[in-house]
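Quick note on labels: first sequence line is chain A, next is B, and so on, each numbered from 1.
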Amino acid sequence: MDKAKPAIGPRLNPELGGTIRPGGANRPGSEGCETPFPMAAAGAKIEFSPETLAELESIIAKYPDRTAALLPALWIAQREFGYISHETIPYLADLIGIPPSQVYGVTSFYTMFQPKPEGRFVISICTNISCALLGADSLVEHLMTRLHIGLGETTPDGLFTLKAVECLACCDGAPAMQVNEETYMNLTKESLDKLLESLKDKGGGRT
Amino acid sequence: MERKIISKNFGVEDSWTLPVYEANGGYAAMRKAFGMDPQAVLEEVKASKIRGRGGAGFPMGLKWSFVPRDIDKPKYLCVNADEGEPGTFKDRHILENDPHMMIEGIIICCWAVGIRKAFIYIRGEFHKQCDRLDSAVREAYEKGYLGRNINSDGFDLDIVVHRGAGAYICGEETGLIESVEGKRGQPRMKPPFPALIGVFDCPTVVNNVETLAALPWILQNGAAAYAAIGTEKSSGTKLWSISGHVERPGVYELDMGVPLRVLLEEHAGGVRNGKKLKAVIPGGSSTPVLTAEEAYTVNLDYESLEKAGSMLGSGAMIIIDEETCMVWVLTILEKFYAHESCGQCPPCREGTAWMHRLLCKIERGEGTLEDLDKLEDIANNIGGKTICVLSDAAAMPAQSFIKKFRHEFEEHIKTGHCRFRDNKWTAALEGVH
């Protein structure tokens, strides 16, 4: 590895302007890769559109207390910006009217709010008991081998992020996983390979 | 026996839509309830003896009756659709197949207790289910079953669907309440109980999806008819989730009191691939494990499972065959609790993490007898010492696994080897991600 680049520490690529980019484009080894999808352009200002602001206000109105709308606000921010960045936290705090520390405390508590960009296809494979009994761990290893990444990592082309998750309440279709919002059940190595191929075609990636 | 009350529309084409639900008799119970005095509805639910289906099994009518009648604060219902207990997937089926049955149950509950706003707390991973629920709520609003003046006599009711974001602890009722309030889902001290001080410091009922979905049938057919199903202390039917090493995993609606053997062999097709049964976790991952012998003789109701030293919990059976390493199974379970501990009580935060670490060591073949003692010591000492019962939920599997399968733990330690898995170690098991 090039000594000028730290092996650990903030995963920022100075060549990309030192800004966290979506799609894992700033991960080590991903230099020169284009970001395959423009969720939030680098350096883009964190700000909701007037329509999104109106959406948020209509949600806030459903609760007796503005703070209660923090989870929906975080969901909207993640939908709009792809992840909950450091810039998003004070922005939401301002909108809701609470301290940024409170927003940070909440977003970091829940596993589905992402503090960093993820791949275009986020594979969340269940490793809890019913799936494990039916071979989930060998499927995790298979995915790691196929994608050449570890758990919690993103492929250099920004196409896939691999995560092991807890019970998805899909034990009747074990082993099960989700790719983004879609659920896949009764998985085998063969069905995983097929799915990965079709996702690659869809994403135009080069994994 | 099989009896379809909650699952009657499962499998019907477009069962999740309002026209299909109504064509099958939907929303008639709501009208019937509106024709009754709220107190009479509450008495009916009490008389049905229905107990909460989320896991704790608290009598539903009794829970409602703790909410003060005359109070100058709003009252709320929080619907627990945060189904996350490993092995449990019944609420997912209800949300997917028949969200209107639950919505009708919500309306009945709110009428009985005098609630004008209900929050449905649905787990974040339920994307498709949340879409179906959103659309069902929209349909109900359009039809005038929700909103202003829904009973033509000035009764208003709003439903807000509130998405969780990945935290098992939000299935605990006070953790859920915190999360609805936009906070970390860290449970509160009880008392005060939510019935007096719940969400937004107001009296709150927290009910599970399945419990609410049973209400339309109870109102339509009468409390006596419902109480006549099942056993004396466990009335009605239950959606049993069965998974793991079983031929036909799935949700089966059978009367309370059905023998576990009947569910496993007659409905779910028995143990997979003709193998022998080793153990059953009978009520979701938190409940004490049963040996094959115990499982084959137990009935599925609150009192029988309690007598067998376990719990009915959420009614989720995890079937484990003879070729499975019980140390490995427990390691997976304790990894889950270590991951899901909310972190506010040290006995739970530290205890679950240490149990997982010790189990990893034993399963790897590097454990000592002292490690096993330490594991047992932790399991025996974290329960009951924390704000919520997550520590108990983590301790019960550990205690029961060690008690009933001690020889497997000792074998790992003595031989330094896992003969079931040949020391095959995987990344998924080790880290608490």
Between A:Leu70, A:Leu134, A:Thr183, which has the largest tally of heavy atom pairs under 4.5 Å with chain B?
A:Leu134
Closer than 3.5 angstrom, by distance alone: can the side chain of A:Trp75 be matched with the main-chain N or O of B:Gly164 as a donor-acceptor pair?
yes
With the side chain counted from C-beta on, respond yes when B:Thr331 and B:Val327 share a heavy-atom pair under 4.5 Å apart, and no when they do not.
yes
Is it true that a side-chain atom of A:Gln114 and a backbone atom of A:Gln78 form a donor plus acceptor pair closer than 3.5 Å?
no
Under 4.5 Å, counting heavy-atom pairs only, tell me which of B:Gly166, B:Gly343, B:Gly124 racks up the most with chain A.
B:Gly166
If I measure from the heavy atoms of chain A, does B:Arg184 come under 4.5 Å with its side chain, its backbone, both, or neither?
both
Under a 3.5 Å cutoff, is there a donor and acceptor pairing between the side chains of A:Asp201 and A:Ser198?
no
Check whether B:His93 gets within reach of chain A through its side chain, its backbone, both or neither, counting any heavy atom under 4.5 Å.
side chain
Got a donor-acceptor contact below 3.5 angstrom from the A:Thr154 side chain to the A:Glu118 backbone?
no
Between B:Phe200 and chain A, which part of the residue has a heavy atom less than 4.5 Å away: side chain, backbone, both or neither?
side chain
So which part of B:Arg272 gets closer than 4.5 Å to some heavy atom of chain A, the side chain, the backbone, both or neither?
side chain
Using a strict 4.0 Å threshold on nitrogen-to-oxygen distance, state whether A:Glu197 and A:Lys194 make a salt bridge.
no
Which of A:Val165, A:Leu71, A:Val103, A:Ile59 touches chain B most, by non-hydrogen pairs under 4.5 Å:
A:Leu71
Which residue out of B:Gly87, B:Gly182, B:Cys202 racks up the most heavy-atom pairs below 4.5 Å with chain A?
B:Gly182
With a 4.5 angstrom heavy-atom cut-off, is it the side chain or the backbone of A:Ala132 that approaches chain B, or both, or neither?
both
At a 4.5 Å cut-off on heavy atoms, which part of B:Val329 comes close to chain A: side chain, backbone, both, or neither?
both
So, B:Ser241 side chain and B:Thr88 main chain: donor-acceptor pair closer than 3.5 Å or not?
no
Identify which part of B:Tyr168 has an atom lying under 4.5 Å from any heavy atom of chain A, answering side chain, backbone, both or neither.
neither
Quick check for you: among B:Ala167, B:Ser285, B:Gly250, B:Ser243, which has the greatest number of heavy-atom pairs under 4.5 Å with chain A?
B:Ser243
Would you mind reporting whether A:Leu159 and A:Leu199 have side-chain heavy atoms less than 4.5 Å apart?
no
Pick from B:Cys170, B:Gly84, B:Gly185: which one has the most heavy-atom pairs with chain A under 4.5 Å?
B:Gly185
So what's closer than 4.5 Å to chain A heavy atoms on B:Lys117: side chain, backbone, both or neither?
side chain
Counting only heavy atoms closer than 4.5 Å, note whether B:Cys342 contacts chain A via side chain, backbone, both or neither.
both
Between A:Cys170, A:Cys131, A:Ala174, who has the most heavy-atom pairs with chain B when the cutoff is under 4.5 Å?
A:Cys170
Measure B:Glu83 against the heavy atoms of chain A and call it side chain, backbone, both or neither at under 4.5 Å.
both
Whether B:Asp82 side chain and B:Gly171 backbone form a donor-acceptor pair below 3.5 Å
yes
Side-chain H-bond candidate by donor/acceptor type, A:Tyr83 with A:Thr88, under 3.5 Å:
no
With only heavy atoms counted, which part of A:Glu181 is less than 4.5 Å from chain B, the side chain, the backbone, both or neither?
both
Can you tell which part of B:Ile169 gets under 4.5 Å to a heavy atom of chain A, answering side chain, backbone, both or neither?
side chain
Assign the ring pair A:Tyr63 / B:His162 to parallel, tilted or perpendicular, where the plane angle (0 to 90°) is split at 30° and 60°.
perpendicular
Using a distance-only test with no angle check, is there a side-chain donor-acceptor pair under 3.5 angstrom linking B:His127 and A:Asn180?
no
